[in-house]
Amino acid sequence: MTIRVLVVDDQAIVRDGLVTVLSLVPDLEVVGEAADGAEAVAAVERERPDVVLMDLRMPGVDGPTATARIVAGHPEVGVLVLTTFADDDSIVTALRAGARGYLTKDAGRTEIATAIRAVASGQATFDASVGARLVARLAGAPAADPAPATAADVRARFPQLTPREADVLERIAAGRTNPEIAAELFLTVPTVKSYVNQVFAKLGVRSRAEAVALVLR
């Protein structure tokens, strides 16, 4: 089944990039674009997408307001937030508006495609750092990300990983983005992405959220 996607972002270059990336995924079809929340609501009425890939902060009608209107009028449409912001207020506001998923913009094509499929099937999906913040908030912990497992713990629990892969997994579990991992380990972002893919393959997981859940067990 082909999943119909509407891309919403106020920056044309970001929209163009997302459309290009998603067009390379066989089971996804971009059926429209919108530059703000008002255009998004109108495009949902016109195109009837399965999933709306929604930016949060836009001029005029913002992402949370548009999300609430879309969900109220078309509850069958899933909204997946894709934003640069991962603070508690932004996350909670989006979820209260009715978003089913929340990713940050450092997510790669595979992660975005996987999240779109999950949202289209009615599941909730979150970036690993977002999931960690939600768990901390629900548990009454401070807003900062919970303390991750140490590299030694990760190496002991997952002996199939190389020391460098364990370092990367430790930081994934701590909610670090790929650029942050690259800076901490003195690697390039593409190299980190390669390590992330190797870790996923060895652990049998498909997303950062699944990898974090495995570490936290």
Side-chain angles (χ1 to χ4, degrees), residues 1-64 66-67 69-71 73-74 76-86 94 98-130 177-179 182 188-198 200-201 205-211:
M1 182 185 72
T2 300
I3 300 171
R4 294 164 55 81
V5 182
L6 173 69
V7 175
V8 184
D9 198 290
D10 64 323
Q11 298 183 42
I13 191 169
V14 174
R15 292 199 309 277
D16 291 345
L18 288 170
V19 170
T20 299
V21 166
L22 296 179
S23 68
L24 299 175
V25 182
D27 61 335
L28 304 183
E29 177 188 1
V30 177
V31 296
E33 304 175 37
D36 59 37
E39 288 186 12
V41 174
V44 167
E45 290 286 347
R46 184 175 63 251
E47 304 295 345
R48 300 300 172 95
D50 300 305
V51 175
V52 177
L53 198 58
M54 178 75 74
D55 190 17
L56 277 188
R57 302 188 184 179
M58 299 177 288
V61 178
D62 62 13
T67 297
R69 292 178 184 175
I70 291 168
V71 171
H74 300 278
E76 75 283 1
V77 177
V79 177
L80 171 61
V81 169
L82 182 65
T83 180
T84 56
F85 304 98
R100 288 186 201 163
Y102 198 111
L103 295 180
T104 53
K105 286 184 177 177
D106 68 313
R109 180 180 69 184
T110 300
E111 190 172 358
I112 294 173
T114 299
I116 289 173
R117 295 185 190 105
V119 167
S121 66
Q123 301 176 39
T125 184
F126 306 100
D127 178 273
S129 61
V130 172
T177 64
N178 285 350
T188 65
V189 172
T191 298
V192 170
K193 289 182 178 178
S194 177
Y195 277 122
V196 170
N197 289 334
Q198 292 169 24
F200 286 4
V205 299
R206 296 181 298 173
S207 70
R208 298 172 84 95
E210 290 182 9

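The structure presented is a predicted model; accordingly, all values stated were derived computationally and were not measured.
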Atom CD1 of I13: over 12 foreign heavy atoms under 6.0 Å: no
Residues that A94 engages under side chain to side chain contact (heavy atoms under 4.5 Å, CB included), provided they are two or more places apart: L56, V81, A99, Y102
Smallest separation among heavy atoms of V119 and V79, with atom names: CG1-N, 4.1 Å
Donor-acceptor contact below 3.5 Å, side chain E39 vs main chain A35: yes
L80 CG to L103 CG distance, which is reported to the nearest 0.5 Å: 5.0 Å
Interatomic distance, R100 atom CZ to I116 atom CD1 [nearest 0.5 angstrom]: 13.0 Å
side-chain hydrogen bond (donor to acceptor under 3.5 Å, both in side chains) against K193, all qualifying residues, sequence neighbours excluded: none
Heavy-atom pair of closest approach, residues G37 and A66: CA-CB, 3.5 Å
R69: partners by side-chain hydrogen bond (donor to acceptor under 3.5 Å, both in side chains), with sequence neighbours left out: none
Shortest non-hydrogen separation from G98 to T67 and the atoms involved: C-CG2, 4.0 Å
R57: side-chain hydrogen bond (donor to acceptor under 3.5 Å, both in side chains) partners, not counting sequence neighbours: S90
Sub-4.5 Å side-chain heavy-atom contact between D9 and K105: yes
Where L82 and T104 come nearest, the two heavy atoms and their spacing: CD1-O, 3.5 Å
Any residue meeting side-chain hydrogen bond (donor to acceptor under 3.5 Å, both in side chains) with T110, in chain and number order, not counting sequence neighbours: none
V7 versus L18, closest heavy-atom pair with distance: CG1-CD1, 3.8 Å
Close side-chain approach of V52 to V44, heavy-atom, < 4.5 Å: yes
Closest non-hydrogen atom pair between V77 and P49, with its separation: CG2-O, 3.4 Å
T191: side chain to side chain contact (heavy atoms under 4.5 Å, CB included) partners, not counting sequence neighbours: L187, T188, Y195
Pairwise distance OG1(T84) to CG(D55) - rounded to 0.5 angstrom: 7.0 Å
Name of the residue among V5, V30, L53 meeting side-chain contact (heavy atoms from CB on, under 4.5 Å) with V19: V30
Selection residues 20-38 - residue pairs positive for salt bridge (charged side-chain N to carboxylate O under 4.0 Å, His left out), sequence neighbours left out: R15-E33, D27-R117
All pairs passing side-chain hydrogen bond (donor to acceptor under 3.5 Å, both in side chains) where residues 41-51 contributes a residue, at least two apart: E45-H74
Pair listing, side-chain hydrogen bond (donor to acceptor under 3.5 Å, both in side chains) test, anchored in residues 16-25, at least two apart: none
